[in-house]
Amino acid sequence: MAVYPFHTLEKKWQQYWADRQTFRTPDEPVPGKPKYYILDMFPYPSGAGLHVGHPEGYTATDILARYKRMRGFNVLHPMGWDAFGLPAEQYALETGTHPRVTTERNIARFRQQLQSLGFSYDWTREVATTDPKYFRWTQWIFLKLYNSFYDPDLNRALPMALLEDALSDQPRRREDWAGSAYLDGTHAGYLQTPPEQRMAARAGLLRHMRLAYQAEVAVNWCPALGTVLANEEVIDGKSERGGHPVIRRPMRQWMLKITAYAERLLVDLDTLDWPDSIKEMQRNWIGKSEGAEVDFPVSLKPSAFSPQPLSIRVFTTRPDTLFGATYMVLSPEHALVDQITTPEQRAAIKAYQEAAARKSDLERTELQKTKTGCFTGAYALNPVNGEKIPIWIADYVLATYGTGAIMAVPAHDERDFEFARTFNLPIVEVIVPGGSAAVPAALAGVPSASKAAGGTSAATRGTRVLPFTGDGVNVNSANAEISINGLPTPEAKQKITAWLAGKGIGQAKVNYKLRDWLFSRQRYWGEPFPVIFVDGQPQPLPADALPLELPEVATYTLSGTGESPLATIPAWLNTTDPATGRPAVRESNTMPQWAGSCWYYLRFIDAHNDRALVDPAKEKYWMPVDLYVGGAEHAVLHLLYARFWHKVLYDAGVVSTQEPFQRLVNQGMILGEVEYTAFYDESGAPVSAEFAGDDHRDTRTMAKLVAERIEEEFVEKQGDFFVLRENSAIRVTARAFKMSKSRGNVINPDDVVRDYGADTLRLYEMFMGPLEQVKPWSMKGVEGVHRFLNRVWRLFVDDRADALLPELVAVAPTRDQLRWLHRTIQDVTADLDTLRFNTAISTMMEFVNECQRWTQRPRAVLETFVLLLSPFAPHLAEELWQRLGHAGTLAYEPWPACDAACLVQDTMEIPVQVNGKLRGKVTVPTGAAQAEIVAAAQAEAAIAPHLAGKTIRKQIFVPGRLLNLVVG
RNA sequence: GCCCGGGUGGUGGAAUGGCAGACACAAGGGACUUAAAAUCCCUUGACCGCAAGGUCGUGCGGGUUCGAGUCCCGCCCCGGGCACCA
């Protein structure tokens with residue numbers, strides 16, 4: 001068999017690298033040597049083992065790590081485990097196996113699989129989030145969060161001690177908070193508070209200003225998983241993991257105040273070299289909108305049920321439409337609902353509130369087509385025109401955004417329009433499309449107010465269709481004091497906002513969609529919170545009490561009350577306050593999986609430090625991460641949380657950079673092999689795919705169809721479609737699907753390594769196409785790159801003799817050979833610098849195809865080629881390098897340099913176009929002048945006829961590239 | 001609905017506004033072999049033609065340009081994300 005001995009050779013070099021710690025990065029920074037920190041996204045070591053999607057990104061980073069080492073960089077390329085996670089605990093529930101046991105077994109398998117692929121990780125820096133030595137520092141960061149507050153004036157986090165100081169009669173650290181208008185103001189406010197109220201006010205502020213705080217909030221409770229989930233972990237009302245239903249339920253939770261960082265998380269995106277799509281997703285998630293808050297006085301008939309004047313504050317991005325506000329809507333949970341509801345409406349409102357509370361997120365989304373709501377019986381006054389407008393409640397207004405209340409402008413908002421139509425509420429148009437020039441004419445025909453016509457899809461005013469939600473020009477928008485009529489939208493917004501502010505009934509306001517991060521999980525298998533409760537008040541553990549470890553338990557059964565299993569272990573739960581010796585209770589929730597992955601990139605820098613999370617000098621040397629590669633599924637979860645923690649650590653002086661990941665690249669998903677599917681009806685007769693609906697029914701008859709996978713040989717392409725070979729009227733579908741167990745199209749990397757070797761797998765993963773792109777797997781393609789590696793082997797080695805070939809000689813290379821080599825160096829280098837691994841491999845294939853033809857192969861040329869290949873197929877390259885007579889690894893050999901002098905040729909071939917059409921080519925001396933080339937073209941047999949009898953009107957000459965003759 | 005990507009041979013893909021289809025797979029033909037495997041060589045976008053050669057061709061329709069897969073405008077289709085956020 002003429003296959004190179006990849007098995008023995010790959011094992012041999014993996015052993016060699018491990019024995020000599022070839023890829024160990026020096027513990028201390030290397031002064032003067034440029035650093036390169038290249039990081040893979042932290043894998044969760046699942047029981048299923050490695051998937052072919054994993055090695056895609058890992059191979060890319062490994063190739064680059066090896067390349068950068070050869071270019072003289074001090075490279076940090078680590079690997080570790082995001083090891084807390086629900087599956088191990090679910091498994092514990094079923095089998096009683098400790099999650100730690102399962103996790104360690106899975107880690108061992110993952111590690112072994114990764115090592116079998118020859119990745120050049122520095123394994124001495126391996127970390128796992130489940131290791132107490134690691135989560136000690138996760139807990140330490142939590143304490144930082146707990147002991148910090150956000151100063152909106154300085155726009156950074158500060159120690160709680162400063163806020164405590166400001167909230168005291170005689171501050172002692174005033175110089176520490178100099179420059180903070182916020183703390184000055186807080187202190188002044190404190191002094192104005194009557195002394196008997198100060199303690200309570202102080203405690204209240206301290207409680208809610210912390211970056212880690214507790215709140216009783218409506219959470220996404222997933223009964224099946226027995227835990228709450230973050231908003232980001234709920235997809236379409238179901239859990240992201242497992243697809244279980246999720247309901248709303250109020251619970252005491254730890255929250256992290258990520259909202260304080262919303263603006264910085266938003267603006268600092270501009271400094272990052274990340275894919276635009278990811279940045280855009282984060283921008284959308286943060287969801288900044290600028291507008292105004294406006295107070296609407298509640299108009300109550302003088303009566304007993306409201307002794308004080310009330311007002312309702314709303315947030316709007318369109319204060320310019322204020323004159324068109326014809327009703328208000330509060331969210332069903334709004335605090336004022338009870339106070340304003342009239343006795344007649346009380347029962348109806350109560351019923352509506354209860355119905356809304358019961359709805360799950362899923363139901364809320366499903367029911368969004370029809371607007372529901374209930375009138376409170378109360379009215380408010382539109383502050384700009386004094387109109388009395390009804391106040392409703394409706395679940396299309398969210399309690400958690402803005403103020404939980406809106407002013408409804410049905411003429412200029414889709415939702416308000418729909419609601420107004422449903423409940424027959426007035427619609428007043430105050431914006432007309434177009435520039436200011438169009439205003440006078442438009443003004444004339446606009447009625448001041450009109451009732452909505454129920455039933456039609458949109459109301460029409462003249463030629464205009466409502467709702468009109470774009471920018472335009474104001475009409476109908478004036479009172480005795482102010483007019484914004486005729487103003488274009490941006491100016492109208494500005495003018496009315498200034499007027500509102502002057503009257504003290506409104507102000508400019510910025511809002512974010514981003515909500516605080518719900519940080520508690522009711523599970524066993526996670527980091528315990530370093531918090532105890534004394535008399536019900538939370539108290540952080542001192543840093544020297546860390547790590548707080550998980551207790552051993554007899555059973556992993558959920559408590560059933562929504563509490564963590566930890567709550568059922570009195571021996572662990574009940575403790576004493578180390579400060580006072582008084583009885584205390586531990587926090588029984590644990591942290592979510594994202595906690596450990598928020599900062600792991602810092603730990604890799606100084607993995608075994610037991611005095612600090614990371615040594616500052618090392619952090620300064622290695623940060624930021626130069627290249628971060630992983631899947632796009634982490635766009636708003638991990639990547640936003642990690643940026644948030646990093647900024648907190650920056651404010652605390654623990655890290656020196658504002659952002660952790662300078663450059664981010666997303667690898668595209670790898671799909672299964674392309675599948676052809678034909679459809680058959682019940683009688684077994686084939687049905688063309690164009691008639692097969694999504695639900696596998698015939699779209700014409702609605703008869704049920706059977707989908708059947710068929711082999712490629714029975715299919716051919718006809719026009720734009722694939723059809724059955726035996727019956728071309730029957731179309732079949734051709735598609736690659738996501739790999740899944742149920743579909744049975746999962747490729748196991750172990751099988752590929754066994755049959756073709758690790759170098760083949762690495763090469764194929766990169767050869768499939770651009771890294772970022774989604775692409776289907778093809779076993780035939782694997783064989784293709786495997787053949788290439790065999791050809792490389794035979795370039796050097798005589799199969800039968802197992803020795804170097806006689807063709808491989810120490811002769812001086814010809815100019816032609818040198819040109820091939822240096823062109824290859826040039827292209828491979830450029831491709832590596834731009835992460836175009838697929839074309840780098842193509843270039844090397846071309847080189848090998850050419851090299852095979854050489855009867856004499858200059859040793860120096862081939863040695864250089866081995867170095868070019870080595871980042872891609874390191875085992876094969878090391879073996880060839882050794883056989884060529886070198887001692888030791890090639891991992892730190894200098895990367896070959898391209899000599900431009902070797903690239904020049906004596907002659908060049910120039911394509912010649914006539915009137916933009918390619919008509920032929922001429923071969924001329926390199927550097928030939930335009931006139932020479934034109935002369936050569938006129939003499940060329942293929943070109944001359946197209947010029948005959950015509951005059952050349954124009955010559956377009958791109959030196960070295962092309963000549964275009966325009967004739968007529 | 002909104003926001004991102006993307007549509008190039010039978011397939012994966014390649015092409016700083018300058019030779020469309022590199023490289024690889026598949027298919028067909030040939031060499032070697034008693035035979036097979038492996039390997040090597042040739043052909044391979046479509047159409048017309050014996051050939052030389054010609055015409056067409058990068059989802060569709062326009063435009064800019066000497067020249068467009070690439071830039072601009074308007075559509076269609078596929079994939080991903082978000083979605084009552086006022």
Side-chain angles (χ1 to χ4, degrees), chain A residues 1-3 236 275-281 283-285 287-289 291 314-318 321 329 364-365 367-369 371 394-398 400-403 405-409 412-416 418-419 511-515 632-633 635-636 668-669 674 712-713 715-717 720 722 734-736 764 767-770 772-785 787-788 790-791 794 799 836 838-839 841-846 849 852 909-921 941-942 945 953-958 960-967:
Chain A
M1 189 84 152
V3 171
D236 292 334
D276 286 335
S277 61
I278 300 287
K279 289 204 235 180
E280 204 52 33
M281 279 190 234
R283 285 190 194 105
N284 290 339
W285 195 265
K288 180 179 185 175
S289 53
V314 301
F315 172 71
T316 177
T317 55
R318 292 298 297 269
T321 63
V329 187
R364 279 204 180 192
T365 353
L367 294 174
Q368 83 183 53
K369 293 141 219 158
K371 290 271 180 293
D395 67 2
Y396 85 89
V397 173
L398 305 176
T400 47
Y401 183 75
T403 61
I406 62 157
M407 65 176 206
V409 185
H412 305 293
D413 181 279
E414 305 269 0
R415 300 149 299 182
D416 296 346
E418 227 182 286
F419 191 81
N511 253 313
Y512 300 91
K513 278 201 268 188
L514 186 70
R515 319 269 168 82
E633 67 273 18
V636 286
M669 203 195 315
V674 173
E712 194 180 356
E713 52 186 308
V715 172
E716 64 183 2
K717 185 141 185 189
D720 289 336
F722 286 92
R735 232 194 95 179
Y764 177 66
F767 186 64
M768 293 169 84
E772 306 86 340
Q773 202 161 298
V774 177
K775 42 212 176 250
W777 187 267
S778 158
M779 262 318 174
K780 290 288 186 188
V782 176
E783 287 170 23
V785 294
R787 278 200 282 271
F788 164 68
N790 272 309
R791 281 201 294 277
R794 288 196 305 269
D799 287 339
R836 287 147 30 119
N838 55 329
T839 49
I841 295 167
S842 296
T843 300
M844 289 189 289
M845 286 175 168
E846 286 179 77
N849 289 346
Q852 271 181 311
E909 196 181 53
I910 301 287
V912 179
Q913 296 180 343
V914 178
N915 288 344
K917 271 197 188 342
L918 181 74
R919 292 301 179 183
K921 295 165 190 179
R953 304 213 181 274
K954 197 169 172 187
Q955 301 180 5
I956 289 118
F957 178 61
V958 186
R961 299 285 309 187
L962 154 142
L963 175 70
N964 184 11
L965 300 172
V966 183
V967 301

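Lettering of chains follows the sequences in order, A, B, ..., and the numbering in each one begins at 1.
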Self-check item: Shortest non-hydrogen contact between Pro911(A) and Arg961(A), atoms and distance
Solution: CD-O, 3.1 Å
Quiz item: For the residue pair Ile956(A) and Val966(A), what are the closest heavy atoms and their distance?
Solution: CD1-CG2, 3.9 Å
Quiz prompt | Ranges pairing with ranges for RNA chain B, where each run has three or more Watson-Crick or G-U pairs under 3.5 Å | solution = B:1-7 with B:76-82, B:10-12 with B:23-25, B:27-31 with B:39-43, B:45-48 with B:53-56, B:59-63 with B:71-75
Quiz item: Near Glu772(A) CD, under 6.0 Å, is it more than 12 heavy atoms from other residues, nucleotides or ligands?
Solution: yes
Heavy atoms under 4.0 Å, any strand shown: does [X] hit a base, just sugar-phosphate, or nothing?
X: Thr843(A); answer: nothing
X: Gln955(A); answer: nothing
X: Arg953(A); answer: nothing
X: Thr316(A); answer: sugar-phosphate

Practice problem: Please confirm whether Lys371(A) makes a cation-pi placement over Tyr396(A), using NZ or CZ under 6.0 Å from the six-membered ring centre and within 45° of the ring normal. | Solution: yes
Expressed as a whole number of Å, how far does the [atom1] atom of [N] sit from that of [M]?
N: G69(B); M: C60(B); atom1: C1'; answer: 15 Å
N: A83(B); M: C78(B); atom1: P; answer: 23 Å
N: G63(B); M: G45(B); atom1: P; answer: 31 Å
N: A37(B); M: G29(B); atom1: P; answer: 13 Å
N: U44(B); M: A26(B); atom1: C1'; answer: 11 Å
N: C84(B); M: C75(B); atom1: C1'; answer: 30 Å
N: A22(B); M: U11(B); atom1: P; answer: 15 Å
N: G67(B); M: G74(B); atom1: P; answer: 23 Å

Exercise. Compare the minimum distances between each of A86(B), A24(B), G18(B) and the side chain of Met845(A), then state the nucleotide with the smallest one.
Key: A24(B)
So do the side chains of [X] and [Y] get within less than 4.5 Å of each other, counting heavy atoms only?
X: Asn964(A); Y: Lys954(A); answer: no
X: Thr321(A); Y: Met407(A); answer: yes
X: Thr400(A); Y: Arg515(A); answer: yes
X: His412(A); Y: Arg318(A); answer: no
X: Thr316(A); Y: Ile406(A); answer: no
X: Asn838(A); Y: Arg836(A); answer: yes

Specify the separation, in whole Å, of atom [atom1] of [X] and atom [atom2] of [N].
X: Lys780(A); N: A26(B); atom1: NZ; atom2: P; answer: 5 Å
X: Leu965(A); N: G18(B); atom1: CG; atom2: P; answer: 18 Å
X: Met669(A); N: C78(B); atom1: CE; atom2: C1'; answer: 14 Å
X: Ile841(A); N: A22(B); atom1: CD1; atom2: P; answer: 18 Å
X: Met407(A); N: A86(B); atom1: CE; atom2: P; answer: 12 Å
X: Leu514(A); N: C82(B); atom1: CG; atom2: C1'; answer: 14 Å
X: Arg318(A); N: A86(B); atom1: CZ; atom2: P; answer: 12 Å

Quiz item: How should the glycosidic conformation of G9(B) be described, syn or anti, under the criterion that syn lies within 90° of 0?
Solution: syn
Taking OP1 and OP2 of [N], is either one under 4.0 Å from a side-chain nitrogen or oxygen of [X]?
X: Arg794(A); N: C40(B); result: yes
X: Arg961(A); N: G17(B); result: no
X: Arg787(A); N: A26(B); result: yes
X: Asn849(A); N: A22(B); result: no

Practice problem: Could you pull out all residues at least two apart from Arg283(A) that satisfy salt bridge (Lys or Arg N to Asp or Glu O under 4.0 Å)? | Solution: Asp270(A), Glu280(A)
Distances for protein N/O vs nucleotides 3-14 of chain B N/O pairs under 3.5 angstrom?
residue	atom	partner	partner atom	Å
U11(B)	OP1	Lys717(A)	NZ	3.1
G12(B)	O2'	Met768(A)	O	2.7
G13(B)	OP1	Gln773(A)	NE2	2.9
A14(B)	OP1	Asn838(A)	ND2	3.0

Exercise. Taking Asn511(A) for its side chain and Ser289(A) for its backbone only, find out whether a donor-acceptor pair lies under 3.5 Å.
Key: no
Quiz item: Does Tyr512(A) have any ring pair (Phe, Tyr, Trp, His ring centres under 6.0 Å) partners at least two apart in sequence or in another chain, and if so, which?
Solution: none
All N/O donor-acceptor pairs, side-chain side in residues 776-784 of chain A, below 3.5 Å, sequence neighbours left out:
residue	atom	partner	partner atom	Å
Ser778(A)	OG	Lys780(A)	N	3.4
Ser778(A)	OG	Gly781(A)	N	3.1
Glu783(A)	OE2	Tyr756(A)	OH	3.2

Quiz item: Can you give one letter per nucleotide of nucleotides 51-71 of chain B, going 5' to 3': B for a protein heavy atom under 4.0 Å from the base, S for sugar-phosphate only, - for none?
Solution: ---SSS---------B-----
Self-check item: Residue mapping more 5' on RNA chain B - nearest nucleotide basis, Asn511(A) or Gly784(A)
Solution: Gly784(A)
